[in-house]
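Here the structure is laid out as structure tokens; the discussion comes afterwards.
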Protein chains: 2
Amino acid sequence: MKDGPDIAIIAALIGDPARANMLTALMSGKALTVSELAAEAGVTIQTASAHLSKMHEGSLLRPLKQGRHKYFSLANEQVAHVLEGLMGLAAGAGHLRMRTGPRDERLRKARVCYNHLAGEMGTRLFDSLLAQGHLAGTDDALSLTGKGKRFVAEFGIDIERLGKSRAPLCRACLDWSARRPHLGGGLGRAFLARFEELGWAKRDPDSRAIAFSPRGERAFGEVFGDAFGAERS
Amino acid sequence: MKDGPDIAIIAALIGDPARANMLTALMSGKALTVSELAAEAGVTIQTASAHLSKMHEGSLLRPLKQGRHKYFSLANEQVAHVLEGLMGLAAGAGHLRMRTGPRDERLRKARVCYNHLAGEMGTRLFDSLLAQGHLAGTDDALSLTGKGKRFVAEFGIDIERLGKSRAPLCRACLDWSARRPHLGGGLGRAFLARFEELGWAKRDPDSRAIAFSPRGERAFGEVFGDAFGAERS
DNA sequence: TGGATGCTTCGATTAGCATCGAAGCATGAA
DNA sequence: TTCATGCTTCGATGCTAATCGAAGCATCCA
């Protein structure tokens with residue numbers, strides 16, 4: 001007994017409704033100010049401040065001071081990963097909190113998961129990259145193949161710059177809605193950024209939803225989506 | 001705001017010290033009775049009973065009545081996965097609770113993670129299977145290659161019987177000590193069982209530690225451990 | 001049938017912590 | 001300097017939930 005790391009401290013930190021709301025909001029990948037997070041959680045600024053200090057103490061968040069504003073973002077991808085895992089458990093236990101409706105639909109189709117693409121479109125991207133032999137390996141050990149590197153470069157992503165960061169380039173991230181993995185890590189981030197750059201997709205500023213334009217979705221399908229269908233037939 | 005599943009309920013469930021202790025104990029993969037879990041958590045049986053009902057309600061545990069005993073085990077592998085993730089965060093934040101010493105060492109070297117092998121030996125097994133081309137794919141999509149199937153069968157594991165279960169056969173599971181993936185799922189379980197069968201390893205009944213015999217470790221090294229070393233040189 | 005064991009339910013107590021008002025501190029603008 | 005904005009600290013309040021004693025229920029054994 002009393003083996004291993006103390007889960008309780010961290011889990012209790014996430015387990016408060018106000019803090020959980022803040023963390024969920026931060027899953028968008030954006031850095032938010034104290035007041036924004038307070039509004040998001042539905043508490044006053046004082047309480048938000050107290051919560052945020054605690055989460056920083058617990059290494060869940062990373063603060064960034066800029067003038068008189070103080071921004072917070074998730075400390076790292078590992079945190080985001082655990083949060084998605086918890087969402088999966090919550091969804092499985094029936095603790096869905098969404099108003100079912102168009103909003104729910106949109107989130108399931110495409111949403112932001114700590115700066116990369118998640119939801120149905122996310123898994124399509126991931127499956128396609130695997131099926132076409134652009135990605136290989138497993139989980140943490142996931143990596144771009146030679147063919148994959150050429151493909152990515154051709155798609156307009158600067159791999160060289162990605163490689164410099166210490167964060168893992170590729171990372172499989174489990175989806176709470178699709179229950180399948182999708183692409184995280186620096187590469188996942190880069191893909192989403194590129195989609196926005198190309199005008200294929202646009203983030204909803206008020207939620208985690210990502211809206212693909214009709215043209216964007218068609219283009220996406222040509223490059224990624226139909227790989228599976230074509231191979232299956 | 002208020003998007004997605006409600007993390008807070010689940011996280012709060014895990015976030016109580018008594019409950020966290022019980023969950024940690026259940027990471028051994030064994031099913032434990034109410035009284036055993038009470039002892040593990042350091043609370044009376046009444047409180048334990050209350051906690052266990054709540055965790056069952058939250059779909060974290062699966063109860064099993066047998067006579068006048070009531071056994072609990074983790075509800076599924078997804079739960080175990082999230083718990084390991086939380087341990088990773090806790091370890092990263094410095095919330096280690098172990099008495100450093102031989103016990104800590106043993107756990108880092110080899111331990112049980114929901115019925116499969118984790119720790120240093122676990123990652124060695126995993127790396128070896130990948131390096132030798134027995135496993136391919138990624139994360140959830142992980143699967144045995146043809147070569148891998150032959151190898152596993154030769155090693156004395158009955159794949160046919162494994163295939164029948166609905167649970168995923170292979171699953172990458174992130175390690176809190178090694179910070180690397182190791183093999184979970186039905187296959188991971190089968191490997192550990194086979195190691196015990198061969199007399200290579202033995203579980204400590206009182207903790208999550210796994211003790212390899214000198215002979216067992218040597219044999220393990222011959223089959224798995226040195227694959228990397230040999231390829232690197 | 002009577003007693004022992006294992007678990008659950010009930011009720012009362014207590015402690016921890018989220019919450020917010022008020023005041024204080026830092027930064028930026030006029 | 002003076003005012004406004006954004007955040008933090010302090011102190012008081014109130015609520016939630018963990019805890020355990022006591023009693024009740026189910027199962028097994030003799």
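The figures that follow rest on heavy atoms only: side chains count, while hydrogens, waters and symmetry mates do not. Throughout, protein chains are lettered first and strands after them, A, B, ... in sequence-line order, and every chain is numbered starting at 1. Fair warning: this is a prediction, and the values are worked out from it, not measured in the lab.
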Any idea which of D/dC7, D/dT19, C/dA18 is nearest the B/Asp16 side chain? D/dT19
Whichever of A/Gln46 and A/Gln66 has its nearest DNA chain C nucleotide further upstream toward 5': A/Gln46
Looking at A/Glu196 and A/Arg203, does any basic side-chain N land under 4.0 Å from a carboxylate oxygen? yes
Separation of A/Met55 atom CE from C/dC17 atom P, in whole Å? 15 Å
Of the nucleotides C/dT9, C/dG28, C/dC7, which has the atom closest to the A/Arg68 side chain? C/dG28
Closer than 4.0 Å, any side-chain N/O of B/Lys70 to the OP1 or OP2 of C/dT8? yes
In whole Å, what is the span from the CE atom of B/Met22 to the C1' atom of D/dA18? 11 Å
Pairing of A/Lys30 and A/Glu40 as salt bridge, 4.0 angstrom limit: no
Steps toward salt bridge (charged side-chain N to carboxylate O under 4.0 Å, His left out) verdict (B/Arg194, B/Glu197): CA-CA 5 Å; B/Arg194 184 65 180 144; B/Glu197 208 175 284; 2.6 Å; yes
Whole Å only: how far is the CD1 atom of A/Ile45 from the C1' atom of C/dC25? 15 Å
Give one of base, sugar-phosphate or nothing for B/Lys54, where a contact means two heavy atoms less than 4.0 Å apart. sugar-phosphate
Provide, to the nearest angstrom, the distance between the NE2 atom belonging to A/His56 and the C1' atom belonging to D/dT8. 15 Å
The nucleotide from D/dT8, D/dG21, C/dC7 with an atom nearest the side chain of A/Ser49 is D/dT8
In whole angstroms, how far is the P atom of D/dT16 from the CG atom of B/Leu13? 18 Å
Restricting to salt bridge (charged side-chain N to carboxylate O under 4.0 Å, His left out), what partner residues turn up for B/Glu36, sequence neighbours left out? none
Let me know the distance between CG of B/Leu32 and C1' of C/dC7, rounded to the nearest Å. 16 Å
Just checking, any donor-acceptor pair under 3.5 angstrom between side chains of B/Arg189 and B/His116? no
Just checking A/Thr33: base, sugar-phosphate only, or nothing, at a heavy-atom cut-off of under 4.0 Å? sugar-phosphate
The bend of the helix from C/dT1-D/dA30 to C/dA30-D/dT1, taken between the axes of its five terminal pairs at each end and rounded to 10°, is 20°
I'd like to know if the side chain of A/Arg111 and the backbone of A/Ala209 have a donor-acceptor N/O pair within less than 3.5 Å. no
Evaluation steps, salt bridge (charged side-chain N to carboxylate O under 4.0 Å, His left out), between B/Lys54 and B/Asp16: CA-CA 11 Å; B/Lys54 286 183 187 174; B/Asp16 177 81; over 6 Å; no
With a non-hydrogen cut-off below 4.0 angstrom, is A/Ala18 in contact with a base, only sugar-phosphate, or nothing? sugar-phosphate
Reckon A/Thr47 has a side-chain N or O less than 4.0 Å from the OP1 or OP2 of C/dT19? no
Whole angstroms only, please: what is the CG-P distance between A/Leu37 and D/dT8? 11 Å
Nearest-Å distance for atom pair OH/C1', residues A/Tyr71 and C/dT27: 14 Å
Counting just side-chain N and O atoms, does B/His69 come under 4.0 Å of either OP1 or OP2 of D/dC28? no
Is there a side-chain contact between A/Ser35 and the phosphate of D/dG6, meaning an N or O under 4.0 Å from OP1 or OP2? no
Quick one: does B/Tyr71's side chain get under 4.5 Å of B/Gln66's, heavy atoms only? yes
